[in-house]
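The figures that follow rest on heavy atoms only: side chains count, while hydrogens, waters and symmetry mates do not.
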Amino acid sequence: MIAGPPALPSRARIPLWTLGAFGFVVALVLGVRYAGTSHLAGLDALVLPVVDRVEGPLWYVATAVDFAGEPIGAVVVIALFGWLCLRHRRPRIAILMVAASGVTVALTTGLKPLVGRLIHGEFLSYPSGHTAFAVTVATVVALLVIDVRELGPVVGAWVLAGLVAFAGLAMGWAEVALGAHYPTDTFGGFGVAVAVVPVVGWTVDRLTRRPA
């Protein structure tokens, strides 16, 4: 068994599970709504023309953000934040970082052919795996901050919401700006990520706790 605090700090469980339930509903509703489609509709028709196809310096920014979700970039990100978890003696949160990232990537990859949404006529797009990965990492980092800083439930909820929103918006913008996804694909990725983290965290705590 593994010593140390749990992967899901008690003061963060209520906002985390609430966010997870919300994310599950968002991912499910959008997945059903856009299943089998390959055209702009609703929110996408409003947002995509504003964000799509950036040029100049913003293209380099978007590419750099996108790299964090690519295989090499993702390994670097996980290694960096995993090391921070271990440095602060939070091995369960480090395990959660790796496990939740893996589950999120596998789930978004498996959902793409099931939903069958196409972009540019041939590429499966829903949900956005890059966005899901970024939000997963941000969620786990928020749990680390809440636990290490011993933040109260209210402040902790704001930290969780802030980090998750920042990561989701940054990666979501990059994916849409580079033409890789519709805006709602990124919302779906967000939903998958925040739904996965509490479930995987609960599992990690169950499997690594000391016997009574």
Can you get from [X] to [Y] by hopping between Ile, Leu, Val, Met, Phe, Trp and Tyr side chains that sit under 4.5 Å apart?
X      : Y      : result
Ile72  : Phe81  : no
Val204 : Trp83  : yes
Phe187 : Leu40  : yes
Leu169 : Leu43  : no
Phe22  : Val192 : yes

Between [X] and [Y], what is the shortest heavy-atom contact and its length?
X      : Y      : value
Pro15  : Ala157 : CB-CB, 4.0 Å
Pro183 : Asp44  : CD-OD1, 3.1 Å
Lys112 : Pro127 : NZ-O, 2.8 Å
Ala132 : Ala193 : O-CB, 3.2 Å
Ala174 : Ala62  : CB-O, 3.5 Å

Would you tell me whether Thr136 and Thr104 have side-chain atoms, one donor and one acceptor, within less than 3.5 Å of each other?
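Result is yes, a qualifying pair exists.
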
Exam field: side chain [X] to backbone [Y], donor-acceptor pair closer than 3.5 Å:
X      : Y      : value
His181 : Ser125 : yes
His120 : Gly179 : yes
Tyr126 : Ala27  : yes

Decide if atom CD1 of Ile14 counts as having more than 12 heavy atoms of other residues, nucleotides or ligands within a radius under 6.0 Å.
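No.
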
Residue pairs, two or more places apart or on separate chains, that pass salt bridge (charged side-chain N to carboxylate O under 4.0 Å, His left out) and touch residues 173-200
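Every salt bridge (charged side-chain N to carboxylate O under 4.0 Å, His left out) pair that includes a residue of residues 173-200, provided the two are not neighbours, is Arg117-Asp185.
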
Give the table of side-chain donor-acceptor pairs shorter than 3.5 Å for residues 145-152, with sequence neighbours excluded, one pair per line with atom names and distance.
residue	atom	partner	partner atom	Å
Asp147	OD2	Arg90	NE	2.7

[atom1]-[atom2] distance between [X] and [Y], expressed to the nearest 0.5 angstrom:
X      : Y      : atom1 : atom2 : value
Leu114 : Thr109 : CG    : OG1   : 11.5 Å
Leu28  : Arg33  : CG    : CZ    : 14.0 Å
Leu84  : Ile93  : CG    : CD1   : 11.5 Å
Arg92  : Leu8   : CZ    : CG    : 10.5 Å

Pick from Leu144, Val77, Ile78: which one makes a side chain to side chain contact (heavy atoms under 4.5 Å, CB included) with Met97?
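The residue from Leu144, Val77, Ile78 that satisfies side chain to side chain contact (heavy atoms under 4.5 Å, CB included) with Met97 turns out to be Ile78.
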
Heavy-atom side-chain proximity of [X] to [Y] below 4.5 angstrom:
X      : Y      : result
Val137 : Ser101 : yes
Phe24  : Val199 : no
Thr108 : Ser128 : no
Trp173 : Leu178 : no
Leu16  : Thr139 : yes
Ser38  : Ile119 : no

Would Leu19 and Phe190 count as a side chain to side chain contact (heavy atoms under 4.5 Å, CB included) if you check the C-alpha gap in whole Å, the side-chain angles of each, and the deciding distance to 0.1 Å?
CA-CA 10 Å; Leu19 184 62; Phe190 159 85; 4.0 Å; yes

Run the side chain to side chain contact (heavy atoms under 4.5 Å, CB included) check on Trp202 and Trp17 step by step: do they pass?
CA-CA 10 Å; Trp202 177 84; Trp17 282 103; 4.0 Å; yes

Please step through side chain to side chain contact (heavy atoms under 4.5 Å, CB included) for the pair Thr184 and Tyr34, ending with a clear verdict.
CA-CA 9 Å; Thr184 46; Tyr34 293 103; 3.8 Å; yes

For a side chain to side chain contact (heavy atoms under 4.5 Å, CB included) check, start with the C-alpha distance between Leu143 and Val197, then their side-chain angles and the critical distance, and finish with the verdict.
CA-CA 10 Å; Leu143 296 179; Val197 172; 4.3 Å; yes

